[in-house]
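Structure record follows, encoded as structure tokens.
Note that the coordinates shown come from a computational prediction; the quantities given were computed from them, not determined experimentally. For ligands, and for the atoms within them, numbers begin at 1 and follow the listed sequence.
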Amino acid sequence: MKEKRDLYQDLESILYSKEQLSEAVSELGARITNDFQGKTPVMICILKGATVFFCDLIRQINLPLEIEFMAVSSYGASTKSSGEVRLVKDLDRSIHGRDVIIVEDIVDSGMTLNFLKKSLISRGAVSLRIATLLDKPARRVAPLTVDYSCFEIPDAFVVGYGLDYNEVYRNLPDIGILSPRIYAE
Ligand code: 5GP
């Protein structure tokens, strides 16, 4: 018989429950709806970590908007960034003259968003804002202004609600701190 696997056993603790996430995402959606009145923003989802947050967030925004997807190189099977950012999937359409909102799962060193911000401004976006679910300001290396953030978190490696470790745990509905025994293995 196969051993039963419970993803929650790999967590040290739950940081935010699905109810807390849902409430924070609704509040952020209302703020964006208010701030972008009269505009049709292009919302860019950064694959793959931001997907769950992105799908919930866009449904809390009562505005005409367009969606796009971008992917950059990630941590792979590590919990520390390589510091090198590489574009893996680009936008399908031009953002020239558009109001852009980049939607990210978590800002850690800030290197990824710094790279994306420069790239998108050089393509002629008229305005560019950053919305992140989680912010780890203690680990910031690159200077970056985060316009919208749902939660500031301590320096711990978190998974769930789209965030992975080695491609696993994205489907957890809550956000939890991954037990260090998992990445020590
Ligand atoms: P930065 O370039 O800001 O250092 O890193 C941003 C990316 O690193 C995020 O999009 C995410 O993919 C990954 N990352 C940073 N911290 C964590 C974390 O605690 N958990 C997970 N799963 N990914 C993280």
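Numbered from 1 in the order shown, with element, the atoms of ligand 1 that lie under 4.0 Å from a heavy atom of Asp105 read 9 (C), 10 (O), 11 (C), 12 (O). Atoms of ligand 1 lying under 4.0 Å from any heavy atom of Asp164, numbered from 1 in the order shown and given with element: 21 (C), 22 (N). Each of the atoms 20 (N), 21 (C), 22 (N), 23 (N) of ligand 1 lies under 4.0 Å from some heavy atom of Leu163. Ligand-side atoms of ligand 1 in range of Thr112: 1 (P), 2 (O), 5 (O), 6 (C), range being under 4.0 angstrom from any heavy atom. Listed by atom number, the atoms of ligand 1 under 4.0 Å from Glu104 heavy atoms are 10 (O).
Of the possible donor and acceptor atoms, one in the side chain of Lys89 sits under 3.5 Å from a partner among the backbone N and O of Phe69. Judged purely by atom type and a 3.5 angstrom limit, Arg31 has no side-chain atom pairing as donor or acceptor with the backbone of Glu27. A donor-acceptor pair under 3.5 Å links the side-chain atoms of Arg98 to the main chain of Thr40, judged by distance alone. Looking at Ser22, its side chain never comes within 3.5 Å of a backbone N or O of Lys18 through a donor-acceptor pair. Although no hydrogens or angles enter the test, the distance criterion places a donor-acceptor pair under 3.5 Å between the side chain of Gln20 and the main chain of Ser17.
The shell of residues lying under 4.0 angstrom from ligand 1, judged by heavy atoms, includes Lys136. By the 4.0 Å heavy-atom criterion, Tyr165 is excluded from the residues contacting ligand 1.
Contacts with ligand 1 closer than 4.0 Å are made by no heavy atom of Val85, backbone or side chain. Counting heavy atoms closer than 4.0 Å to ligand 1, residue Ala156 contributes backbone atoms (N, CA, C, O) but none from C-beta onward.
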Step by step, would you call Arg140 with Asp135 a salt bridge (charged side-chain N to carboxylate O under 4.0 Å, His left out)? CA-CA 9 Å; Arg140 199 75 90 255; Asp135 190 3; 2.7 Å; yes
Can you list the steps and then say if Arg170 with Thr51 is a side chain to side chain contact (heavy atoms under 4.5 Å, CB included)? CA-CA 9 Å; Arg170 295 192 197 276; Thr51 47; 5.7 Å; no
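The shortest N or O to N or O distance between Gly110 and ligand 1 is under 3.5 Å. Taking any N or O of Val159, backbone or side chain, none lies under 3.5 Å from an N or O belonging to ligand 1.
Looking at Phe157, Tyr161, Tyr169, it is Phe157 that brings a heavy atom closest to atom 21 (C) of ligand 1. When the options Ile106, Thr132, Ile175 are ranked by their closest heavy atom to atom 6 (C) of ligand 1, first place goes to Ile106.
The environment of CG in Asn62 is sparse: at most 12 heavy-atom neighbours from other residues, nucleotides or ligands sit within 6.0 Å.
Taking the six-membered ring where the residue is Trp, the centroids of Tyr161 and Tyr16 are separated by 6.0 Å or more.
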